[in-house]
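Please read the structure below before turning to the comments.
Since we're looking at a predicted model, the values are computed, not measured. Numbered from 1 within each chain, the chains take letters A, B, ... in sequence-line order.
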Number of protein chains: 2
Amino acid sequence: MKKSSPTIRDVAAAAEVSVATVSKYMNNTQRFSAPVEAKLKAAIEQLGYRSNPLARSMITGKTRTIGLAILDIRNPHFTNIVKGANRIAMQNDYTLLLVDTEESQERERQLIEALAQRVDGMIVSSRMPEEAIQWMIDLNKPVVLFGRTRELPIPSVGTDSHLAAYMLARHLLNEGHRHVAYLGFGQSRWNAERIRGVTECFQEAGLTIDVHDAHAPSAQAGEHACSAIMLAPKRPQAVICYNDLIALGFMKEARALGFKLPDDVSVVGFDNVPYGEYASPALTTMDLQSERMGEVAMQKLLDVLAGHDGNGEYSLLEPRLIVRESTRRREVGAEPVSLPTSKPRRKA
Amino acid sequence: MKKSSPTIRDVAAAAEVSVATVSKYMNNTQRFSAPVEAKLKAAIEQLGYRSNPLARSMITGKTRTIGLAILDIRNPHFTNIVKGANRIAMQNDYTLLLVDTEESQERERQLIEALAQRVDGMIVSSRMPEEAIQWMIDLNKPVVLFGRTRELPIPSVGTDSHLAAYMLARHLLNEGHRHVAYLGFGQSRWNAERIRGVTECFQEAGLTIDVHDAHAPSAQAGEHACSAIMLAPKRPQAVICYNDLIALGFMKEARALGFKLPDDVSVVGFDNVPYGEYASPALTTMDLQSERMGEVAMQKLLDVLAGHDGNGEYSLLEPRLIVRESTRRREVGAEPVSLPTSKPRRKA
DNA sequence: GTGAAAGCGCTAACAA
DNA sequence: TTGTTAGCGCTTTCAC
C-alpha cells in the first residue's frame, strides 16, 4: 500500500547495498555473492520494485519498443499485419506500439512524428506519395515501409501487386469473362500496379477493361460505387475490386439491386480478409499474405536495429489466388453482356 | 544531417539563452521578448529540435499516453472499442497505445504490467476472473475495466448483457421460435449474464433453452460447434450465439451441412460487427455500442486523471436490437422440430 | 564483487 | 523576462 512506486534507491537502502549493485542485479550484468543476492531478492520482492523503463531508456537510448502506424484498424488487412508484426516483436522481447492514422494524411505525419520519439524504430503504412516522405528519414529512426520506394533508400516490404492483379485477371479470363471492370482506390500506392496487371493481361487477349474508382477502401465505398457500374448500359460480367472490403460492399448492393451473384456478375477482391470466407457467396480473392507482411517488416526492422544490414531494400512476397464462390464460369461470347440473366427487382 | 538528435542544450547554445528559457518556450509557459523569441524560433527550426518526451516524462511524471489492452485485434468488436477510445484520446491530446493480449492470460498480465509503466492510465479488457485481478490495482495506475467488478473498486463500463440477451430472446419468441439453443463462450465475463437473460425470458414463456459452449469467441469456433448442434436429435429452430463471429462461422457451416438459412434455422449474435451486415443472410444482432464503450471508458479514465472523481463506478450502456435477415418467423407449434423443413444435403 | 560519482535530457522552483 | 540550480530514476565507467 504505497503511494508511489519504490525506486532503485529504496531497494538499495532496504538491501543495504549501493544503487549500482541493484542496477546490475536487475540487468543481470554481473554475478553476486550469495548474501548480497539474497538480500537483493528479498528487498525487491518485499517492496514490489519494478524498474522504471523511462529512466532506463533515457540512458541507454533504447526503449525495446517498435512503433507501427496503420491506416485503419478496422480493415482486417491491417489487423493481420499487426498480428504478424506483434508475433515477431514478442519473440524478440520487443513491445509493439500501434497508432491508427485513420486514413488522414495530416494526422499521419503528426502521429508518426510523436510516436517516433518513443520507440527504437517504426514500421509505417502510408498513403503519402514518395515525394512527401523525406521527413520520415529525418526522424533519425530506422523505418520500414509497406510498398516499394523508388528514390528514397527506405527498406520496405510488399506483395507483388502487379503479379497478383495479373493472376486474378487471368483467372477471370480462363473462366470466360470478357467484359470486366476494375473498381480501384486511387489513393493507394498499390492501385496503379493493380490496374497495370489487369490491363496487361486483358490486352494480351485483345480486350480492354473499364476502370472505376471508389472513394475509400471500405465496404461502404463499395456499396456506393455499385449502382453506377451495374446499372450502366454496358454492365460488366465481372468486377475486380481494389480490396475485399470494397468487394463485400459491392456484392451487398448488387444483391439489393436484384442481381444474383455470381450468376449475374462475378466479384473478386484482394487481401483475403477473414470475412470474405463467411460471406455468401464466399469471396474469391488474392491472398496478399498480410500477416507475413507484418512479420517480414518487423524482422527487417529488428535486423536493422541489430546492425545486421544488407538484408536488401525491398522484400516482395508472392500472392496466391483463393478461389471461392463469387465467380462463375461463362460461355465465351454466348450472351449479350448488356442484358441481365435474371430480371433485377428492387428489394423492399 | 546530424548523427543524433539535438538536445535542449544545443538549442540554448545556438540561441544564446539558457536551457530554462528554451524549456519554457517549448512548453508555452511564459511570454518572451521579441528578440529572444526570434532567436529561439530560428535555432529550433535550424536544428530541427524536438524535445525528448522521455526526459520530459521523467520529471513531470506524466506521459500523456493511455494504454489500452484488448483481447484480440482481429475481433471487430475490439477494433470498434479502439476507434472510440482513440477519438476521445486525440481530442484531449493523449496518445493511445495498444496491446493485443491474444486471449492469453499469462501474456495478459505480463503485457499489461509492462505497458502500465509507460502510460498515465490503462483501459483493459480481460478474461481474468475478478479474484485474480487485484494486481491491477497494485499497478498504481488508474485503470478502467470493461465489465463490472463486484468486490474491487475499479471503475468500469459495459453494455447491459442481461438486458441484451433478454431482448434478443424476446424477439425470437415473438417470431414464434420455441426450441432455441444458446451457443456461448464460457470464459467471457459476459457469458453468464447472457445465459441468464435468455433463460429468464424463455422461462416466462414456460420454455427452456439448450446451452452449448464454443471453445473461442471466433468464427472458426462457431463453425466447429455447428454440426453437434444442428445434427443432434432435437435440432433447434434458432440459435443465439455468444457473438457475431461465432454466429458467422455457425451460419457458414450450417449452409455447408445443407441447411437453408434462415428457413431451417435462425441465427443471431451479439456485437453488431460490420461484417454481419455483409454476410448473407445479413446477421440479426444486438448492437452493444462497442465504439461508445471505448469512448466512455476513455472519458472516464481521463476524468480520473484530471481529478474529477465521482463519475460513478460502473457505466452501463443500452443495447439495441438490429433486425436483419438471419431469422425467420415461424408458425407456432406448427411443425415437429425434429425434422428439417428442407432436406439437408452435403455440399461438394 | 561492490560502490562512488557522473550524467541521460529535461523541468521546476527560486533568484536575479 | 531570464538564468541558476537541483534533481527525475536509472546506468555506467572506474576505483576499490
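- Using a 4.0 Å heavy-atom distance criterion, Thr29(B) is classed as making no nucleic acid contact.
- For dG3(D), one of the phosphate oxygens OP1 or OP2 lies less than 4.0 angstrom from a side-chain nitrogen or oxygen of Thr21(B).
- Looking at which nucleotide of DNA chain C each of Ala34(A) and Arg9(A) is closest to, the 5′-most match is held by Ala34(A).
- Among the nucleotides dG9(D), dT12(D), dC10(C), the one closest to any side-chain atom of Thr7(A) is dG9(D).
- Across all strands shown, Tyr49(A) has heavy atoms under 4.0 Å from sugar-phosphate atoms exclusively, and none from any base.
- As rounded to whole Å, 16 Å separates atom C1' of dT1(D) from atom CG of Asn27(B).
- Among the protein residues, Val22(A) comes within range of no part of the nucleic acid, since none of its heavy atoms lies under 4.0 Å from any strand.
- Put simply, Arg56(A) has no side-chain N or O that comes within less than 4.0 Å of OP1 or OP2 on dC10(D).
- Ser126(A) and Glu108(A) share a side-chain donor-acceptor pair at under 3.5 Å.
- Of the candidates dT2(D), dG9(D), dG9(C), the closest approach to any side-chain atom of Lys24(B) belongs to dT2(D).
- Nucleic acid contact class of Ser23(A) (heavy atoms, under 4.0 Å, all strands): base.
- In the set dT2(D), dA5(C), dG3(D), dA5(C) carries the atom at the smallest distance from any side-chain atom of Ala20(A).
- Mapping Glu37(B) and Met58(A) onto DNA chain D by nearest heavy atom places Glu37(B) closer to the 5' end of the strand.
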key: Full working for side-chain hydrogen bond (donor to acceptor under 3.5 Å, both in side chains) between Gln134(B) and Asp138(B)   = CA-CA 7 Å; Gln134(B) 171 67 39; Asp138(B) 300 338; 3.3 Å; yes
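- Listed nucleotides dG3(C), dG9(C), dC10(D) differ in distance to Val17(A); the shortest reach to its side chain belongs to dG3(C).
- Between the Glu130(A) side chain and the Leu152(A) main chain, a donor and an acceptor come within less than 3.5 Å of each other.
- Nucleic acid contact for Arg31(B): sugar-phosphate only, since backbone atoms but no base atoms lie under 4.0 Å from a heavy atom of the residue.
- In terms of position on DNA chain D, the residue among Ile59(B) and Val19(B) whose nearest nucleotide sits closer to the 5' end is Val19(B).
- The nearest whole Å value for the distance from the CD1 atom in Ile8(A) to the C1' atom in dT11(D) is 8 Å.
- Residue Ser57(B) is classed as having no contact, given no heavy-atom separation below 4.0 Å to the nucleic acid.
- One interatomic measurement links the two molecules: NZ of Lys62(B) to C1' of dA12(C), which rounds to 15 Å at whole-angstrom precision.
- Side-chain atoms of Asp303(A) and Gln299(A) include a donor-acceptor pair closer than 3.5 Å.
- For Asn52(A), taking side-chain heavy atoms from C-beta onward, the closest of the listed nucleotides dG9(C), dT2(D), dC10(D) is dC10(D).
- Put simply, Ser33(B) has a side-chain N or O that comes within less than 4.0 Å of OP1 or OP2 on dT2(D).
- Judged by distance alone, the side chains of Arg292(B) and Asn80(B) never bring a donor and an acceptor atom under 3.5 Å apart.
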